[in-house]
Amino acid sequence: MTRIVYVNGAYQRYAEAAVHTEDRGFQFADSIYEVIEVLDGHLVDATRHLARLARSLWELRIAPPMSDAALMQVIGQVIRRNRIRDGIVYMQVTRGAGPRDFALPSAGTAPTLVILARAQRKGWSAELAKTGIAVKTIPDNRWGRCDIKTVMLLPAVLAKDEARRNGAKEAWFVDAEGNVTEGASSNAWIVSSDGALITRPLGPHILPGVTRATVMDVAKAEGLKIEERAFGKEEALRAREAFVTSATNIVMPVVNIDGSPVADGRPGPLARQLRLRFHHVAEISEG
Ligand code: PDD
C-alpha cells in the first residue's frame, strides 16, 4: 500500500497529497515520468532511468527539479517510508503551475515533482511469463516524439483498453507501413528462425526502453545475435518467439497476436533465458 508520497519538498500522506489545480501536467500533459522496478528493496537500473528522465526534461526544456544524487535520496526515502520490498517507484516532473496559458511560463517557474512507490507481489510477472500474454495490434496514432517519456498517454490508455476488450493484455502499435512500433507500455521483440533477436531501432517512434537496453546487454553476454530492424505482424506470427520488455514486465512472452498463436502458442526458451539472466546483468543499487 502507498502511505507516503513526496510532493515538491514534502512527504505527505497518500490521501492528502496533491498538486495545484493549474499544474501544467494536469492541463497540458506538459510533463514527463519514469517507472523504476524495486526488487528486494533495491532499485533496478536507476542510472539508466535517471539518465532518460534527464533527457526527457532536456528535450522539453523543463528545468531538472534537483540533482540526481538528491533524487536518489528522495527515492530511497519514499521506498523506506512505504516499506516497499518489491514493486515500483513512479516519478513525475511537470513544468509547474500557473494561470493556464499555452505559452511557456517564465524560466523561474518551479517544476512539480511527485515520487511515489507501490508494492507488488513478488513473482507475479514470473508467474504470468509461464503462460505468456496475448497482444492486439492497433494503428499507431501517437505523436512523432514517442522517444520522450511524456504523460501524454491517452492513445496508450485507449489502445490497452481495446486490447483488453479483445482478451489481450497489451496492444502493439503498428505504423503506416505495417510495422510494429512498440507496445502501449513496452518494447516489442521477436526471435527469427535462425535465433536472432529482432527489435525496432531507436528513433522518434519508440521509447528507448531501459529494459530494452539491459536485455541487449544480457543478449550480448549470452552470445545471442541482435538485429535492430522493423518487423510487421505477419513476420511476428511466423517468428519462433515474441516478447515484450518493460520495467514492470521485464521480459514477457507474447504467445498470441490478434487471436493467432505465435509458433506453438507457448512461451519460448530465449524469452525465458533473457528473463532469468536479467537481474544478474541489470544495475542493482541501494534505494
Ligand atoms: N512504460 N514503450 C513505452 C511506450 C512505454 O510506456 C514503456 C514503459 C516502455 C518500456 O520502457 P522501460 O523498459 O524503460 O520500462 C516502452 C512504463 C513501465 C509505464 O508506463 O508504466
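Fair warning: this is a prediction, and the values are worked out from it, not measured in the lab. Values reported hereafter were calculated over all heavy atoms of this structure, with side chains retained and with hydrogens, waters and symmetry mates removed. Numbering of ligands and ligand atoms starts at 1, following listing order.
Taking 4.0 Å as the cut-off, Lys149 counts as a neighbour of ligand 1 on heavy-atom distance. Heavy-atom separations between Ala213 and ligand 1 are all 4.0 Å or longer.
Side-chain contact check for Pro269 versus Glu241: some heavy-atom pair is nearer than 4.5 Å. Side-chain contact check for Phe231 versus Trp189: every heavy-atom pair is 4.5 Å or farther apart.
Under 4.0 Å is where a charged nitrogen must lie from a carboxylate oxygen, and between Glu228 and Arg200 no such pair does. By the 4.0 Å N-to-carboxylate-O rule, Arg164 lies too far from Glu162 to be salt-bridged with it. Salt-bridge formation is not detected for the pair Glu127/Lys130: no Lys NZ or Arg NE/NH1/NH2 atom is positioned less than 4.0 Å from an Asp or Glu carboxylate oxygen. A salt bridge links Glu182 with Arg142: the distance from a Lys NZ or Arg NE/NH1/NH2 to an Asp or Glu carboxylate oxygen falls below 4.0 Å. With respect to Asp147 and Arg55, a salt bridge is recorded, a charged nitrogen being found less than 4.0 Å from a carboxylate O.
Those atoms of ligand 1 with a heavy atom of Gly183 less than 4.0 angstrom away are 4 (C). Remark: ligand 1 atoms within the under-4.0 Å shell around heavy atoms of Val35 are 19 (C), 21 (O). Contact atoms of ligand 1 toward Glu182: 2 (N), 3 (C), 4 (C), 16 (C) (distance under 4.0 Å to a heavy atom of the residue). Near Thr245, meaning under 4.0 Å from one of its heavy atoms, ligand 1 places the atoms 10 (C). The atoms of ligand 1 that sit less than 4.0 Å from any heavy atom of Arg52 are 11 (O), 12 (P), 14 (O). Atoms of ligand 1 lying under 4.0 Å from any heavy atom of Gly209, numbered from 1 in the order shown and given with element: 11 (O), 12 (P), 13 (O), 14 (O). Close contacts of ligand 1 with Ala247, meaning ligand atoms under 4.0 Å from a residue heavy atom, involve 12 (P), 13 (O), 15 (O).
To the nearest 0.5 Å, the span separating CD on Glu227 from CG on Leu197 amounts to 9.5 Å. Here the straight-line distance linking atom CG of Leu154 with atom CG of Asn141 works out to 9.0 Å at 0.5 Å rounding.
Distance from atom 6 (O) of ligand 1 to its nearest protein heavy atom, with residue and atom name: Ser185 CA, 3.4 Å. What sits closest to atom 18 (C) of ligand 1 on the protein, heavy atoms only, is Thr248 OG1, 3.9 Å.
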**Report entry** Trace of the salt bridge (charged side-chain N to carboxylate O under 4.0 Å, His left out) decision for Lys233 with Glu235
**Finding:** CA-CA 5 Å; Lys233 172 180 156 180; Glu235 185 178 1; over 6 Å; no
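Using a 4.0 Å cut-off between heavy atoms, Cys146 makes no contact with ligand 1 at all. Of the heavy atoms in Leu207, only side-chain atoms (C-beta onward) come closer than 4.0 Å to ligand 1. Heavy atoms of Ala156 found under 4.0 angstrom from ligand 1: none, in either backbone or side chain.
Looking at Pro208 next to ligand 1, no N or O pair under 3.5 Å apart turns up. The shortest N or O to N or O distance between Tyr33 and ligand 1 is under 3.5 Å. Considering backbone and side-chain atoms together, Thr211 places an N or O closer than 3.5 Å to an N or O of ligand 1.
For the residue pair Thr150 and Arg145, no side-chain donor N or O sits within less than 3.5 Å of a side-chain acceptor on the partner.
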